[in-house]
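Everything numeric here is computed off the predicted structure, so don't read it as measured data.
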Amino acid sequence: MKNIKIAFMCVAAVVAGTVGANAQKYDNGLIDKSVAVVGEEMIKISSMEEEIKFMRANGMLSDKNVRCELLEQMIVSKIFLMQARVDSLNVNNDMVESSLNARLDQVRTQLGGDEEVEKTFGKPVYKLRQEWRKSLQEQSLTQQMQQKVASDIPEMTPYDVKNFIATTDAEDLPLVPAQYRLSQICIYPDREAAAVEVKEKLLSIRSRIMNGEKFSTLARIYSQDPGSARKGGELGMASKTIFWSEFSDAAMALKPHMVSQIVETPDGFHIIEVLEKKGDMFNARHILLKPEYTSEDREKAFGTLDSLRNEINAGNITFQMAARFFSQDPVTRTNGGQMADPNTGSSYFEKDQLKPADFVAIANLKEGEISEPIESQDNEGRGNLVYKIIRVDKILPAHPATFDDDYDLMQNAAKEKLSREAIDKFIENKIESTYIILDPLFADCDFNHKGLAEKVVK
C-alpha cells in the first residue's frame, strides 16, 4: 500500500534474535506454568506464547524452533532488569507510551481491529495495554542497563586502537566502502500543470461515482496504488496513525459511504470512500492518481541541463555558480549544489545510500566529471520526479580500514568489540551468581550462553 506513512517500528526486542538451532517442542495446550526462575523473576509459558503470537501477528517467522532463543533472550532481559532496579535506573515513560501505541496500532492494523486482537490474544485490549506497558517499562530499564554496562569501558587510546588492530585477524577488520562526494543541479517538471491535469481526471472519476458507478470498479481500472487497486481500492481496517495525516484526517471526517473531495498527500492525489469506522480506526477505499509528466517536460529540462554542462566544461561558469542560479532544489542550491545525506548530514555517500539512478549516472565517472542529464527523485515525501546532472567532487576508494586514514572508524570498532565483551562477561558472571532454574522442557536447547545449560533441572 502506497500511502502508509512509515514502516512500523519493531518493539518486541526480546524476540529480536535469529531462530535457535535446536527445536524446543511442547504442547501449546499445556497448562500455564513457570519454565524459568531468574532471581525473584519468573518466566511463564504464557509469556513466551504471547510473544510468539505477536510475532505471528506481524508476519515474523515463528515456529517451535524459536522458543529456545526466545527463552534465552527473556532470561538475559531479566538479568539486566534486576541490575537496573538495584542501580535505581528510571523508566523513560514517554518512550514507553510511544512504543506501546505503535505496537498496539501495528497489531490492530495487521489483525483488522480490536475484536480480532482480543480474539487472537484471548484478552481485552485494555488488559493487553496494561501488560504491554509493563513489558515495555521493563524493556526500557533493560536497555538502559545494557547501555550502562557497555559505556563503563575505558576510553580508547591510540595504544588501545593499535592493539586492537594487532590482535584482530585482517579479514575481521572493518572494510571502508567506496564513498562519493557529489554536487547536483536539479530542474523539476511543470508540477502545477501536471497537478491540474490529474485533479481534473479525479474530479471526472468522482462525478461518475456520484452518478452511480461503483467506486470499487473504477479503483480497479484507474488507481495507481497497486496494493489496493486489485481489491477495489480497499485498504482494510487500520489505525489512522499509519497514514499520512492529510489522508487520515479526510477519512475520519467522512461518514460511512461518503466520498471525499480530492485529497493531496506526498503520494499524489486521492479520493476516499470510508466503509467503516471504529474509534480511531477505519476501513476505506481510495483511488490514487499521481502527476504524470510529458516528454516535452523531459526534453526541455534535459536541453537546459545539457547546455549548463557544456558551459561548465568549457570553463564559462563554475558548477557552484550554475547551481546557485539555475538549480531548483532548495536544499542544495544554496551550497553550490553540494549534496548531503538528509539523515546524517554527511557530505559523503556510499553506494547503497544513493538513489539507483544517481549511482548509475556517476558509477563510471572520475573526479571532476559531470554526468549526462538523468531522471531521478528528490528527497521530498516519497520522492518526486526531478531531472539533474551530477558532478563527482571526490571519490574515496574502498579499502581496508587503517590506523592512519580511518582512526575514528578503528576506534569505534575497538570500542564496540570491548562493549560486546563487557556485556557478555556481565551476563556470564550474572548467570553464574544468580539463582536460575530452567524447566527440563528446555534441556535440549543450544544456548549461546553455555552456563544456562547447567541451570536446567535434571
**Request:** Evaluate the salt bridge (Lys or Arg N to Asp or Glu O under 4.0 Å) criterion for residues Arg391 and Asp393: first the C-alpha distance (whole Å), next the side-chain angles of each, then the deciding distance (0.1 Å), finally the verdict.
**Result:** CA-CA 6 Å; Arg391 185 184 67 180; Asp393 299 329; 2.7 Å; yes
**Message:** Evaluate Gln179 against Ile395 for side chain to side chain contact (heavy atoms under 4.5 Å, CB included), listing each step before the verdict.
**Reply:** CA-CA 6 Å; Gln179 294 179 302; Ile395 300 174; over 6 Å; no
**Prompt:** Between Glu234 and Arg285, does a side chain to side chain contact (heavy atoms under 4.5 Å, CB included) hold up when you go through it step by step?
**Reply:** CA-CA 4 Å; Glu234 188 169 347; Arg285 292 191 182 102; 4.2 Å; yes
**Request:** Verify side chain to side chain contact (heavy atoms under 4.5 Å, CB included) between Asp169 and Glu171, making sure each step is shown before the conclusion.
**Result:** CA-CA 5 Å; Asp169 292 338; Glu171 59 268 22; 3.8 Å; yes
**Message:** Would Val386 and Ile187 count as a side chain to side chain contact (heavy atoms under 4.5 Å, CB included) here? Give the steps.
**Reply:** CA-CA 6 Å; Val386 65; Ile187 294 177; over 6 Å; no
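Using a 4.0 Å cut-off between a side-chain N of Lys or Arg and a carboxylate O of Asp or Glu, Lys278 and Asp114 do not qualify as a salt bridge. Using a cut-off of 4.0 Å between Lys/Arg side-chain N and Asp/Glu carboxylate O, Asp280 and Arg108 are scored as salt-bridged. Glu372 and Arg309 are joined by a salt bridge, as a carboxylate oxygen and a charged side-chain nitrogen come within less than 4.0 angstrom of each other. Salt bridge present: Glu416 and Arg420 bring a charged side-chain N and a carboxylate O closer than 4.0 Å. Remark: Asp87 engages Lys148 in a salt bridge, criterion side-chain N to carboxylate O under 4.0 Å. Between Arg206 and Glu213 there is no salt bridge, since no side-chain N of the basic residue sits under 4.0 Å from a carboxylate O of the acidic one. Comment: Glu138 engages Lys134 in a salt bridge, judged by a side-chain N to carboxylate O separation of less than 4.0 angstrom.
Between His286 and Phe247, the ring planes are perpendicular. Angles over 60° get that label, and only those under 30° would be called parallel.
Separation of the Phe282 and Phe243 ring centroids falls under the 6.0 Å cut-off. For Phe349 and Phe359, the gap between ring centers reaches or exceeds 6.0 Å. Taking the six-membered ring wherever Trp is involved, the centroid distance between the rings of Tyr387 and Phe302 falls below 6.0 Å.
Minimum heavy-atom separation, Asp358 to Lys388: OD2-NZ, 3.1 Å. Contact detail for Met410 and Pro174: the closest heavy-atom pair is SD-CD, 3.9 Å. Annotation for Val263 and Ser260: closest pair CG2-OG, 4.0 Å, computed over non-hydrogen atoms. Residues Ala150 and Ser419 come closest through the heavy atom pair O-OG, 3.4 Å. For the pair Ala422 and Val149, the tightest heavy-atom approach, listed with the atom from each and the gap, is O-CG1, 3.8 Å.
Residues Val91 and Val96 are in side-chain contact: their nearest non-hydrogen atoms beyond the backbone lie under 4.5 Å apart.
Using modelled atom types, one side-chain atom of Ser151 and one backbone atom of Gln147 make a donor-acceptor pair closer than 3.5 Å. Under the 3.5 Å distance criterion, the side-chain polar atoms of Lys277 are matched with a main-chain donor or acceptor of Leu254. Put simply, the side chain of Thr109 gets close to the backbone of Ser239: a donor and an acceptor are under 3.5 Å apart. Formation of a donor-acceptor pair under 3.5 Å by the Ser347 side chain with backbone atoms of Arg181 is not found in this model. Of the possible polar contacts, one joining the Gln353 side chain to the Glu350 backbone as a donor-acceptor pair under 3.5 Å is found. Remark: the backbone N or O of Glu200 is not paired with any side-chain donor or acceptor of Ser204 at under 3.5 angstrom. Between the Asp297 side chain and the Tyr293 main chain, no donor and acceptor come within less than 3.5 Å of each other. Not one N or O on the side chain of Ser135 forms a donor-acceptor pair closer than 3.5 Å with the backbone of Glu131.
Tyr180 does not carry Lys394 over the face of its six-membered ring by the limits of under 6.0 Å from the centre and within 45° of the normal. Taking the centre and axis of the six-membered ring of Tyr188, the NZ or CZ atom of Arg191 falls inside the cone set by 45° and 6.0 Å.
Checked by atom type, the side-chain pair Ser346/Asp341 shows no donor-acceptor distance below 3.5 Å.
A 6.0 Å sphere centred on CG of Asn364 holds no more than 12 heavy atoms belonging to other residues, nucleotides or ligands.
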